[in-house]
Amino acid sequence: IKKKKVVQPDYVIEKEKAPDLSKKIAFISPLKGSAFRVSSKFGYRIHPVYKTKKFHGGIDLAAPINTPVYSVKPGVVIQSGFVRGYGNYIVIEHEDGYKSADAHLKTINVKKGEKVDSEIVIGSVGKTGTATGYHLHFELIKSNKKIDPKFLIWENYCSYYFACPLLGLDKMKIIRL
């Protein structure tokens with residue numbers, strides 16, 4: 001039986017073509033210090049609303065309504081507002097060429113052009129746009145291509161994705177998997 005090759009959308013960095021992520025870059029959890037769980041991973045999935053196979057370009061972090069959302073590192077807000085599907089949506093450009101995006105927010109506390117750092121609450125968890133429950137949809141972008149956020153892990157050897165805030169470990173580093 002021949003295996004069908006999975007074709008990634010052109011806006012995704014494939015694992016083999018991922019940028020060198022071995023240099024330490026200080027990221028923090030977008031939900032630092034808050035309890036949450038990964039409710040949907042990066043990649044193809046059956047969309048919970050449309051019930052069709054679609055590419056999911058980020059991860060969903062289920063958390064209570066109004067949970068504070070932080071910038072994962074300092075940067076400048078390049079988009080802030082409502083976007084169809086994403087609901088209340090923020091994109092932040094960071095100095096190193098990375099961008100991070102946060103979606104389905106209940107509130108947005110920043111405006112386009114505003115400088116932010118990881119100590120400022122940029123918004124709060126909600127379920128605006130196309131969403132079935134309260135969560136943060138988080139994306140990591142480099143060279144205008146989406147990167148699986150599993151490349152981000154905490155320094156103290158934590159489990160897959162964002163599992164360590166429950167242990168109070170907010171600092172992450174990027175590593176090559």
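The shown structure was predicted, so the numbers you read here are calculated from the model rather than taken from an experiment.
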A.B. asks: What is the distance from atom OH of Tyr98 to atom NZ of Lys73, rounded to the nearest 0.5 Å?
C.D. replies: 8.0 Å
A.B. asks: Below 4.5 Å, heavy atoms only, C-beta onward: do Val69 and Val125 meet side chain to side chain?
C.D. replies: yes
A.B. asks: Check Phe138 against Pro30 and note the closest heavy-atom contact, atom names and distance.
C.D. replies: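 That would be CD1-CG, 4.0 Å.
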A.B. asks: Name the residue from Ile120, Val116, Val121 that meets the side-chain contact (heavy atoms from CB on, under 4.5 Å) definition with Asn109.
C.D. replies: Val121
A.B. asks: Go through the structure and list residues passing side-chain hydrogen bond (donor to acceptor under 3.5 Å, both in side chains) with Asn66, not counting sequence neighbours.
C.D. replies: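 Lys106.
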A.B. asks: So if you build clusters from Ile, Leu, Val, Met, Phe, Trp, Tyr with side-chain heavy-atom gaps below 4.5 Å, do Ile108 and Val83 land together?
C.D. replies: no
A.B. asks: With no hydrogens and no angle check, is any side-chain donor or acceptor of His104 less than 3.5 Å from a backbone partner on Thr128?
C.D. replies: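 Checked: pair present.
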A.B. asks: Spell out, as yes or no, whether a donor-acceptor pair under 3.5 Å connects the side chain of Asn88 to the backbone of Leu105.
C.D. replies: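 Flag set: sc Asn88 to bb Leu105 pair under 3.5 Å.
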A.B. asks: Measure the shortest side-chain to side-chain distance between Thr52 and Ile46 over non-hydrogen atoms and say whether it is less than 4.5 angstrom.
C.D. replies: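 Thr52 vs Ile46: side chains apart.
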A.B. asks: Do any N or O atoms from the side chain of Ser100 and from the backbone of Leu140 form a donor-acceptor pair under 3.5 angstrom?
C.D. replies: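 It does not hold such a pair.
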A.B. asks: For the NZ atom of Lys99 and the CD atom of Glu139, what is their distance to the nearest 0.5 Å?
C.D. replies: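 Taking NZ in Lys99 and CD in Glu139, the distance rounds to 11.5 Å.
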A.B. asks: So does Ala63 get a backbone contact from the side chain of His135, meaning a donor-acceptor N/O pair under 3.5 Å?
C.D. replies: no
A.B. asks: Please report the closest heavy-atom contact between Val91 and Ala101, naming both atoms and the distance.
C.D. replies: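 Closest heavy-atom pair between Val91 and Ala101: CG2-CB, 4.1 Å.
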A.B. asks: Are Phe55 and Ile141 connected into the same hydrophobic cluster when the rule is that any two of I, L, V, M, F, W, Y join if their side-chain heavy atoms are below 4.5 Å apart?
C.D. replies: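 No: no chain of side-chain contacts under 4.5 Å links Ile141 to Phe55.
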A.B. asks: Do Ser118 and Ser71 get their side chains close enough for a donor-acceptor pair, meaning under 3.5 Å?
C.D. replies: no
A.B. asks: Atom CG of Asp60 and atom CZ of Phe36: how far apart are they, to the nearest 0.5 Å?
C.D. replies: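 The CG atom of Asp60 sits 12.0 Å away from the CZ atom of Phe36.
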A.B. asks: Taking only residues two or more places apart in sequence or in another chain, which ones pass ring pair (Phe, Tyr, Trp, His ring centres under 6.0 Å) with Tyr86?
C.D. replies: Tyr89, His137
A.B. asks: Check the hydrophobic clustering (I, L, V, M, F, W, Y; side-chain heavy atoms under 4.5 Å; chains of links allowed) and say if Phe82 and Leu136 are grouped together.
C.D. replies: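 No, separate clusters.
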A.B. asks: Taking the side chain as C-beta and beyond, is there a heavy-atom pair between Lys146 and Phe42 under 4.5 Å?
C.D. replies: yes
A.B. asks: With a 3.5 Å distance limit and no angle check, can you tell me whether Lys142 reaches the backbone of Asp96 through a side-chain donor-acceptor pair?
C.D. replies: yes
A.B. asks: Where the side chain of Lys51 meets the backbone of Pro48, is there a donor-acceptor pair that is under 3.5 Å apart?
C.D. replies: yes
A.B. asks: Do Thr107 and Ser124 pass the side-chain hydrogen bond (donor to acceptor under 3.5 Å, both in side chains) test, and can you show the C-alpha distance, the side-chain angles, and the key distance before you say yes or no?
C.D. replies: CA-CA 5 Å; Thr107 60; Ser124 64; 2.6 Å; yes
A.B. asks: Return the CD1 to CD1 distance between Ile122 and Ile90, rounded to the nearest 0.5 Å.
C.D. replies: 4.0 Å
A.B. asks: Any idea which heavy atoms bring Lys111 and Val77 closest together, and the distance?
C.D. replies: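 Here Lys111 and Val77 meet closest at O-CB, 3.4 Å.
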A.B. asks: Restricting to non-hydrogen atoms, name the atom on Ser80 and the atom on Val110 that form the minimum distance, rounded to 0.1 Å.
C.D. replies: OG-O, 2.7 Å
A.B. asks: Please check: side-chain N/O of Ser143 versus main-chain N/O of Lys145, any donor-acceptor pairing under 3.5 Å?
C.D. replies: no
A.B. asks: For the atom pair NZ (Lys127) and OH (Tyr134), what is the distance rounded to the nearest 0.5 Å?
C.D. replies: 4.5 Å
A.B. asks: How many angstroms lie between atom OG of Ser40 and atom CD1 of Ile59, to the nearest 0.5 angstrom?
C.D. replies: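 Those atoms lie 9.5 Å apart.
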